[in-house]
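Step one of this worksheet: look at the structure below.
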Amino acid sequence: MARPDAGGLPAGPWDQRVWRLVARIPTARLATYGQVAELLGAWGRARQVGWALRRLPLPTAIPWHRVVNARGSITMTPSREGSDWIQRDLLVAEGIPVDARGRLPLDRFRWDPPLPLVF
DNA sequence: AGAATGACGCTGA
DNA sequence: TTCAGCGCCATTC
């Protein structure tokens with residue numbers, strides 16, 4: 001309910017790992033929360049990826065907007081206080097079509113991470 | 001400490 | 001295709 005403000009609080013190692021991985025998603029490419037979790041060896045922790053991105057102090061150079069849900073849409077919810085619409089704008093600006101409901105062609109823009117992933 | 005809450009994901013109706 | 005119901009698990013209340 002209350003929106004915890006991460007500003008000022010040091011990001012934990014989990015946040016750092018999520019951010020560093022998301023930072024290498026190329027322009028106009030998309031990844032899902034579950035995909036990011038999996039690449040970090042954390043299968044089943046998609047929600048935690050969402051939280052890590054939620055803690056990003058905005059504005060940021062990290063392309064957090066390139067992470068969407070597995071259904072191929074932006075999770076639109078008032079609890080995001082507008083970051084969902086910002087995400088839509090940023091994606092459209094990169095050339096990815098997003099409809100009014102937040103749905104987008106995930107298959108066409110899916111990011112194929114180069115292997116091996118080294119950190 | 002226990003309950004509630006999600007920027008999730010999968011299954012089944 | 002949409003939607004409800006669950007399982008999931010760190011964070012919050």
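Everything numeric in this text was worked out from a predicted model, so none of it was measured.
Closest to the side chain of A:Asn69, from the set C:dT1, B:dG9, C:dA10, is B:dG9. Checking C:dC9, B:dA7, C:dT2 against the side-chain heavy atoms of A:Arg103 singles out C:dT2 as nearest. Candidate nucleotides C:dT11, C:dC9, B:dC8 were compared by shortest atom distance to the side chain of A:Arg45, and C:dC9 ranks first. Checked against C:dA10, B:dG9, C:dG7, the side chain of A:Arg47 finds its nearest nucleotide in C:dG7. Set against B:dG9, C:dT2, B:dA7, the side chain of A:Arg101 has C:dT2 as its closest nucleotide. Relative to the side chain of A:Ala46, the nucleotides C:dA10, B:dA7, B:dG9 differ in distance, and B:dG9 lies closest. Between C:dT2, B:dA7, B:dC8, one nucleotide has an atom nearer to the side chain of A:Ser79 than all others, and that is B:dA7. Nearest nucleotide to the A:Ala70 side chain, out of B:dA7, B:dC8, B:dC10: B:dC10.
Using a 4.5 Å heavy-atom cutoff, the side chains of A:Trp14 and A:Val49 are in contact. Taking the side chain as every heavy atom from C-beta outward, A:Val98 and A:Arg88 approach each other to under 4.5 Å.
Between B:dC8 and A:Thr75, a contact under 4.0 Å exists linking OP1 or OP2 to a side-chain N or O.
Judged purely by distance below 3.5 Å, without hydrogens or angles, the side chains of A:Thr77 and A:Ser79 pair a donor atom with an acceptor atom. Side-chain contact of A:Gln87 with A:Arg80: a donor-acceptor pair under 3.5 Å is present, judged by distance alone.
C:dA10 atom P lies 9 Å from atom CH2 of A:Trp14, rounded to whole Å. Per the geometry, CZ belonging to A:Arg80 stands 12 Å off C1' belonging to B:dC8, to the nearest Å. We find that CG of A:Leu53 is positioned 10 Å from P of B:dC8, with the value rounded to whole Å. With rounding to whole Å, A:Trp43 atom CH2 is found 9 Å from B:dG9 atom C1'. In this structure, the OH atom of A:Tyr33 is 17 Å from the C1' atom of C:dC8, given to the nearest Å. Rounded to whole Å, atom C1' of C:dA10 lies 15 Å from atom CG of A:Leu40.
A salt bridge between A:Arg45 and A:Glu38 is absent, with no side-chain N of the basic residue lying under 4.0 Å from a carboxylate O of the acidic one.
Here A:Trp64 lies in heavy-atom contact (under 4.0 Å) with a base.
Mapping A:Trp51 and A:Gln35 onto DNA chain B by nearest heavy atom places A:Trp51 closer to the 5' end of the strand.
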